[in-house]
Amino acid sequence: MSQKLSSIIQLLDRIENADPDKNNVSMRAILESVGSRSMGPLLLLAGLITLAPLVGDIPGVPTVMGVFVLLTAGQMIFNRDKPWLPEWMLDRSVSRDKLHRAFSWLRRPGRFLDRLTRPRLTIFVEGFGIYMIAIACTLIALVMPVLELIPFSANGAGAALTAFGLSVITSDGLLALLALLFTFVTMGIVIFNLF
């Protein structure tokens, strides 16, 4: 798709319409529908999947999303425009029914967030700010396997990734700063529960 994403609702619509003739939706089909020219939608996608009930709660999903984010954030650090993902990740899929139920739940908060975001404090989502976002997302990705062991902590990681992705898409630096706060809270939860 050539039209640039600018909201959560647009992302949800594109994902739900990915490969409409199949019962399962693969990561490959999702990336084709979202457009793989920007890293922001990929971070947003990982955040929404981790945050979504029924999908993000499936054992192993946070870990797979952690690998996905690690690859995405690593490529952001090296300033790549188009991401590379391994075939095994592109072939992973989720049932369309589970996706629809999870995204139905996400639409109301998505509309609310879409009304709040706009370009502001862009210094935090451009240039050096993008590197800071990539580093924070890398830290989140590295702890996501551990988050599967701590109840509800993956939701904090999902919230942070969602906010980072949306901040990049909408050039909202204030949202990027809030995402950093989510990141610190998530790291605090992990450290508290491990020690």
Side-chain angles (χ1 to χ4, degrees), residues 1-73 83 85-117 137 140-141 144-145 147-148 150-170 172 175 179 182 186:
M1 295 228 172
S2 57
Q3 185 182 6
K4 186 181 177 212
L5 282 171
S6 61
S7 72
I8 291 177
I9 296 302
Q10 284 180 352
L11 179 72
L12 295 177
D13 288 342
R14 286 196 192 175
I15 293 170
E16 282 202 88
N17 293 321
D19 225 354
D21 299 331
K22 297 195 175 167
N23 291 330
N24 290 326
V25 182
S26 70
M27 182 64 81
R28 185 184 315 276
I30 290 171
L31 288 181
E32 287 171 5
S33 68
V34 167
S36 57
R37 298 297 302 172
S38 171
M39 303 295 182
L42 300 182
L43 293 176
L44 180 56
L45 172 64
L48 290 174
I49 289 172
T50 306
L51 193 57
L54 303 174
V55 177
D57 296 333
I58 297 171
V61 168
T63 298
V64 170
M65 287 298 101
V67 173
F68 178 80
V69 169
L70 192 59
L71 288 170
T72 302
L85 294 174
E87 288 295 317
W88 67 267
M89 189 172 286
L90 292 171
D91 292 335
R92 298 269 309 187
S93 64
V94 66
S95 80
R96 184 172 302 280
D97 190 44
K98 276 188 181 176
L99 199 64
H100 177 71
R101 280 184 279 149
F103 283 10
S104 293
W105 180 86
L106 287 170
R107 284 187 180 279
R108 179 172 282 172
R111 283 188 197 95
F112 175 75
L113 288 173
D114 285 346
R115 284 195 300 272
L116 295 178
T117 56
C137 289
I140 292 170
M144 284 184 76
L147 298 181
E148 290 203 45
I150 304 168
F152 307 111
S153 60
N155 296 72
L161 293 171
T162 299
F164 279 128
L166 191 57
S167 71
V168 171
I169 290 170
T170 61
D172 193 335
L175 189 56
F182 284 136
T186 301

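Remember, predicted model here, so these are calculated numbers, not experimental data.
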Partner set under side chain to side chain donor-acceptor pair (under 3.5 Å) for [X], not counting sequence neighbours:
{"X": "Asn17", "answer": "none"}
{"X": "Arg28", "answer": "Glu87, Asp91"}
{"X": "Arg111", "answer": "none"}
{"X": "Thr63", "answer": "Glu148"}

Practice task
Identify, with sequence neighbours excluded, every residue that meets salt bridge (charged side-chain N to carboxylate O under 4.0 Å, His left out) alongside Arg96.
Solution key: none
Completion exercise
With sequence neighbours left out, the residues meeting salt bridge (charged side-chain N to carboxylate O under 4.0 Å, His left out) with Asp19 are Lys22
Partners meeting side-chain contact (heavy atoms from CB on, under 4.5 Å) with [X] (sequence neighbours left out):
{"X": "Pro20", "result": "none"}
{"X": "Thr117", "result": "Leu166, Thr170, Asp172, Leu175"}
{"X": "Ser104", "result": "His100"}
{"X": "Leu12", "result": "Ile8, Ile9, Leu48, Phe103, Leu106, Arg107"}

Handout entry: Check: Arg14 main-chain N/O paired with Ser33 side-chain donor or acceptor under 3.5 Å
Key = yes
Problem - Distance, nearest 0.5 Å, that separates CG of Leu43 from CD1 of Ile169 - result: 8.5 Å
Practice task
Look up atom CG in Leu99 and atom CG in Asn23, then write down how far apart they are to the nearest 0.5 Å.
Solution key: 12.5 Å
Exercise for the section: Answer whether the closest heavy-atom distance between the side chains of Ile30 and Leu45 falls below 4.5 Å. Expected result: yes
Exercise for the section: For Ala18 and Val25, work out which heavy atoms get closest and say how close. Expected result: CB-CG1, 4.1 Å
